[in-house]
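Data first, discussion second: the structure below is written as structure tokens.
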Amino acid sequence: MNTHKSVFVLPLIMLFLTACGKDTQLLTAADYELNQENNTTSKGIGIGDTPETFLDAYGDYDIETSIEYGPYQALHTDEIPFTDSIRTILPTFFIDGAPVTIEQICTENEIERADLLSLLSSEEYLQNHTVIYNYMIFTWEDGFITDIHSEFMDYNEDASYYEDLEAEPSK
């Protein structure tokens, strides 16, 4: 198992099960590109920025929060404990190149949120669609951004990884 990917599986599953019923703006694929020269986002957010600056740029988007590296959860922006050791993640699914919400995927495919991972990693679905999951992770300490990573998972290339995960017995 690729250790790098396994770090994000639990948060990804938690993301599927949280953030119900809220309308949010969607980031584009270009929004996930970091300026490599100064490690800033397309919205100008960088290392050392504050919660106010971050929320001015991303407050209208889906923000999930991991407190002390626990599971990601949907918190209202005024509930995010930026002065603690946390990570925030900005996630977007791209189906056939278009950004979509989890709710849109579930509605269009008439499934429950709990069935989302099975759908997106199924051979049948992936024969007809491209599925990319982009996410940008911000690490926070004492109210300041200390690290930013932007990554993606290509379900069309990595679906077998998720199938293996679903086949593992629960502990």
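All of these numbers come straight from a predicted model, not from anything done at the bench. Numbering starts at 1 and runs along the sequence shown.
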Nearest heavy-atom contact between Leu75 and Pro81 is CD1-CD, 4.1 Å
Look at the side chain of Asn109 and the backbone N and O of Ile105, then say whether any donor-acceptor pair between them is shorter than 3.5 Å. yes
List the residues meeting ring pair (Phe, Tyr, Trp, His ring centres under 6.0 Å) with His129, not counting sequence neighbours, and say none if there are none. Tyr125
Applying side-chain hydrogen bond (donor to acceptor under 3.5 Å, both in side chains), name anything that partners Glu52, two or more places apart in sequence or on another chain. Thr50
Could you pull out all residues at least two apart from Gln104 that satisfy side chain to side chain contact (heavy atoms under 4.5 Å, CB included)? Leu26, Val100, Thr101, Glu108
Nearest 0.5 Å, please: how far is CD in Glu68 from CD1 in Ile86? 10.5 Å
Those residues at least two apart in sequence (or on a different chain) that pass side chain to side chain contact (heavy atoms under 4.5 Å, CB included) with Gln36 are Leu34
Under 3.5 Å, is there a donor-acceptor pair between the Ser85 and Glu141 side chains? yes
Nearest 0.5 Å, what's the CG-CD1 distance between Leu120 and Ile132? 11.5 Å
Do Tyr32 and Thr92 meet the criterion of a side-chain donor-acceptor pair at a distance under 3.5 Å? yes
Under the side chain to side chain contact (heavy atoms under 4.5 Å, CB included) test, which residues partner Asn38, sequence neighbours left out? Asn35, Thr40
From CG (Leu126) to OG (Ser121), nearest 0.5 Å: 7.0 Å
Sequence-distant partners of Phe82, ring pair (Phe, Tyr, Trp, His ring centres under 6.0 Å), two or more places apart: Trp140
Nearest heavy-atom approach of Ile148 to Ile45 is CD1-O, 3.7 Å
Which residues pass the side-chain hydrogen bond (donor to acceptor under 3.5 Å, both in side chains) test with Ser42, sequence neighbours left out? Asp31
Could you state the interatomic distance from OG1 (Thr41) to CG (Asp49), rounded to the nearest 0.5 Å? 8.0 Å
Is Phe144 reachable from Ile67 through a run of hydrophobic residues whose side-chain heavy atoms are each under 4.5 Å from the next? no
Set of residues satisfying side-chain hydrogen bond (donor to acceptor under 3.5 Å, both in side chains) with respect to Asp147, sequence neighbours excluded: His149
Between Tyr58 and Thr88, is any side-chain donor less than 3.5 angstrom from a side-chain acceptor? no
First locate atom OG1 of Thr130, then atom CG of Asp154, and finally report the distance between them rounded to the nearest 0.5 Å. 8.0 Å
Tell me whether the centres of the aromatic rings in Tyr135 and Phe152 are closer together than 6.0 Å. no
Looking at side-chain heavy atoms only, is the closest gap between Pro91 and Asp62 below 4.5 Å? yes
Can you establish whether the number of heavy atoms outside Glu79 located under 6.0 Å from its atom CD is more than 12? yes
One thing to verify: whether Arg87 and Glu64 come together as a salt bridge, which I'm taking to mean a side-chain N less than 4.0 angstrom from a carboxylate O. no
Rounded distance [0.5 Å steps], OG in Ser122 versus CD in Gln127: 8.5 Å
Answer whether the closest heavy-atom distance between the side chains of Glu157 and Val131 falls below 4.5 Å. no
Residues which pass side-chain hydrogen bond (donor to acceptor under 3.5 Å, both in side chains) with Thr77, listed by chain and number, not counting sequence neighbours: none
Taking every heavy atom of Leu90 against every heavy atom of Phe138, the minimum-distance pair comes out as CD1-CE1, 3.5 Å
Heavy-atom nearest pair, Gly143 first then Pro51, reads O-CD, 3.1 Å
Measure the shortest side-chain to side-chain distance between Tyr72 and Ile137 over non-hydrogen atoms and say whether it is less than 4.5 angstrom. yes
Of all the heavy-atom pairs spanning Gly70 and Ser66, show the shortest one and how long it is. O-OG, 2.5 Å
Find out if a path of hydrophobic residues (ILVMFWY) with successive side-chain heavy-atom gaps under 4.5 Å connects Tyr61 to Met136. yes
Considering only heavy atoms from C-beta outward, does the side chain of Leu55 approach that of Ile63 to under 4.5 Å? yes
